[in-house]
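To start, the structure itself, in structure tokens.
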Amino acid sequence: MKQLKTIMAIAVLLCGGSAAAADKYAQEAAALLKADFKSKGPATLERVTEQDEAQKACSSATPLPAKKAKALEEAQLKTVKYPADGSYLGDWKAGEKIAQSGRGMQSSDKVGDPNGGNCYACHQVSKEEISFGNIGPSLYQYGKLRGDSEAILKYTWAKLYNAQAFNACSRMPRFGHNGVLTEQQMKDVMALLLDPQSPVNK
Amino acid sequence: MRHISKVLVGAAGFAAAALALAGGQSDEIAKYRQLLADGNPAELWEMRGEELWKQKAGPNNVSLEQCDLGKGPGVLKGAYAELPRYFKDTKKVMDLEQRLMHCRMTLQGLTAEQASAQPFSATGKASDIEPMVAYITSQSRGIKMNVAMSHPEEKRAYEIGKKLFYYRGGSHDFACASCHSADKQRIRMQDLPNLTVKADAQAAYATWPAYRVSQGEVRTMQHRLNDCFRQQRFPEPVYASEAITAVTMFLARNANGGVYQGPALKR
């Protein structure tokens, strides 16, 4: 019994010790980011060193515990701004261009140039484009399968605006929340996904 | 097609292989690799690097032949397979590009600025560093990666590198881990190695530096990391910085046991 207590005491000490060490490494990593990276073009140092709540919570090798994930999703959902004029769908042709473009916010891009959404990097979108990634699910026939009810429009908008509202630590950029896409660009991507005339729904 | 003509111009020895490719076959890279199995254009960089290594240079007018890359002054064989490592003389963990810079400063008397000038070649501006790195790394070909974590500073560099690997930030919330911590993932058609598992980390790390067909140049590990950080929407890493060494330490250690095969040939 005494032995067990000793082991437990050591275990507590070790766990505490390693947590403190991990914290110290995180601080040192943050200091190195500040010292060893230089702002260039639209990729500024502040944008990386000043992590928001979601970026902080999602910077671990281990997944977020369920309770924290749920709290994060709720907080992120509150950030979503729906289109002021209540219309969700723009031009799917413009949306396709945004989905194809991987430009924007890189140190090699010009400040002020329009950003792409780079949807094809991770998703199948239309059937015609065969060069697509697999980090996200296929979006082919997105609208055909779901219809265009108010609920689907709102959900899809919110997902594009802030993917972490539904999936904490999602690897999908928060296009609206982080200002990567403008409201008009988001409407165009919405049309690509939901317009019956879009190649996505053919 | 542009890269093929570049090879033709730059390396007459490979002309036959490049011409054979000009037929416009599918799976260009795989064929290219096969054709050049016994002759990677990187060999030209290795030869140039050896010349630079042995050439007297700098205010001290000495060569780099007495540079200590961790296995003693002048020992090149297998040195890269054990980098990054802790160096007593600088009391720091250093990767190859940092250490090379250090040797150019301490042995040849170059300033930090001179020793890190033109780390990557650009049109009309050749790099001395890329060929020297190609030469040094070629001396570890066939040797198993064996990066130690016996010194506390090595452990520290690894742990900081791991933190940086998982650190999310910037306009797109990306970390290295966003693309490189799951199996069988692709960006567009490009396969992404899962750098947190041994087999993938070995296959990826043990083939850098590499002659990049698309660029017609040998590119170093730091060049590869810079391009990742660019796509990650991070600012630009400082050349030969501690942050880059830490990330390199994390990747190199994860690749331990893999046979080093660089400088390799890549897209």
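Residue numbers start from 1 in every chain, and the chains themselves are labelled A, B, ... in the order their sequence lines are given, proteins ahead of strands.
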**Study point:** Test side-chain contact (heavy atoms from CB on, under 4.5 Å) applied to A:Ile135 and B:Leu192, step by step
**Key:** CA-CA 10 Å; A:Ile135 294 179; B:Leu192 303 165; 3.9 Å; yes
Check your understanding: Roughly how far, to the nearest 0.5 Å, is CZ of A:Arg174 from OG of B:Ser171?
Key -> 10.5 Å
Review point. Can you say whether B:Gln231 sits under 4.5 Å from chain A via the side chain, the backbone, both, or neither, judging by heavy atoms?
Key: both
Point to revise | Option in A:Lys24, A:Gln164, A:Gln100 with maximal non-hydrogen atom pairs under 4.5 Å from chain B | key: A:Gln100
Review point. Roughly how far, to the nearest 0.5 Å, is CD of A:Gln106 from CZ of B:Arg233?
Key: 4.0 Å
**Study point:** Under 4.5 Å from a heavy atom of chain A, the part of B:Phe165 involved
**Key:** neither
**Study point:** Which portion of A:Ser107 sits near chain B, non-hydrogen atoms under 4.5 angstrom
**Key:** both
**Study point:** Contact class of B:Phe174 relative to chain A, heavy atoms under 4.5 angstrom
**Key:** side chain
Practice item. Look at the side chain of B:Tyr167 and the backbone N and O of A:Val48, then say whether any donor-acceptor pair between them is shorter than 3.5 Å. Key: yes
Check your understanding: By a 4.5 Å heavy-atom criterion (distance strictly below it), what part of A:Gln27 contacts chain B: side chain, backbone, both, or neither?
Key -> neither
Check your understanding: Is the shortest heavy-atom distance from the side chain of A:Phe132 to the side chain of B:Arg186 under 4.5 Å?
Key -> yes
Review point. Should B:Glu236 and A:Lys40 count as an ion pair when the cut-off is N to O under 4.0 Å?
Key: yes
Practice item. For the pair B:Gln185 (side chain) and A:Cys122 (backbone), establish whether a donor and an acceptor sit closer than 3.5 Å, ignoring hydrogens and angles. Key: no
Point to revise | Atom pair CZ/CG of B:Phe234 and A:Leu33 - distance to nearest 0.5 Å | key: 6.5 Å
Study note, to complete from the structure: So, the part of B:Lys184 with a heavy atom under 4.5 Å from chain A: the answer is backbone
Exercise for review: May I ask you to decide whether B:Arg156 forms a salt bridge with A:Glu28, counting only side-chain N to carboxylate O separations under 4.0 Å?
Suggested key: yes
Study note, to complete from the structure: Rounded to the nearest 0.5 Å, the CZ atom of A:Phe37 sits from the CG atom of B:Leu164 at a distance of 6.5 Å
Practice item. Answer yes if the side chains of A:Ser108 and B:Arg230 hold a donor-acceptor pair under 3.5 Å, and no otherwise. Key: yes
Point to revise | Exceeds 12 heavy-atom contacts within 6.0 angstrom, atom NZ of B:Lys198 | key: yes
Study note, to complete from the structure: Rounded to the nearest 0.5 angstrom, the CD-CG distance for B:Glu242 and A:Asp36 is 6.5 Å
Study note, to complete from the structure: Scored by heavy-atom pairs under 4.5 Å with chain B, the best of A:Leu32, A:Val180, A:Asn134, A:Asn115 is A:Asn134
Review point. CD1 of A:Ile130: more than 12 outside heavy atoms within 6.0 angstrom?
Key: no
Exercise for review: Could you tell me which residues satisfy side chain to side chain contact (heavy atoms under 4.5 Å, CB included) with A:Pro199, sequence neighbours excluded, listed by chain and number?
Suggested key: A:Trp92, A:Ser126, A:Glu128
Check your understanding: Within the side chain of B:Arg168, is there an N or O that forms a donor-acceptor pair under 3.5 Å with the backbone of A:Ala57?
Key -> no
Exercise for review: Name the member of A:Ser39, A:Gly104, A:Gly179 that forms the most heavy-atom pairs with chain B at distances under 4.5 Å.
Suggested key: A:Gly104
Practice item. Would you sort out whether B:Asp173 and A:Arg171 count as a side-chain contact (heavy atoms from CB on, under 4.5 Å), showing the intermediate values? Key: CA-CA 8 Å; B:Asp173 300 327; A:Arg171 287 175 285 171; over 6 Å; no
**Study point:** Min side-chain heavy-atom separation A:Asn178-B:His172 under 4.5 Å
**Key:** no
Check your understanding: What distance separates B:Lys155 NZ from A:Tyr25 OH, expressed to the nearest 0.5 Å?
Key -> 5.5 Å
Practice item. With a 4.5 angstrom heavy-atom cut-off, could you sort out which part of A:Ser131 is near chain B: side chain, backbone, both or neither? Key: both
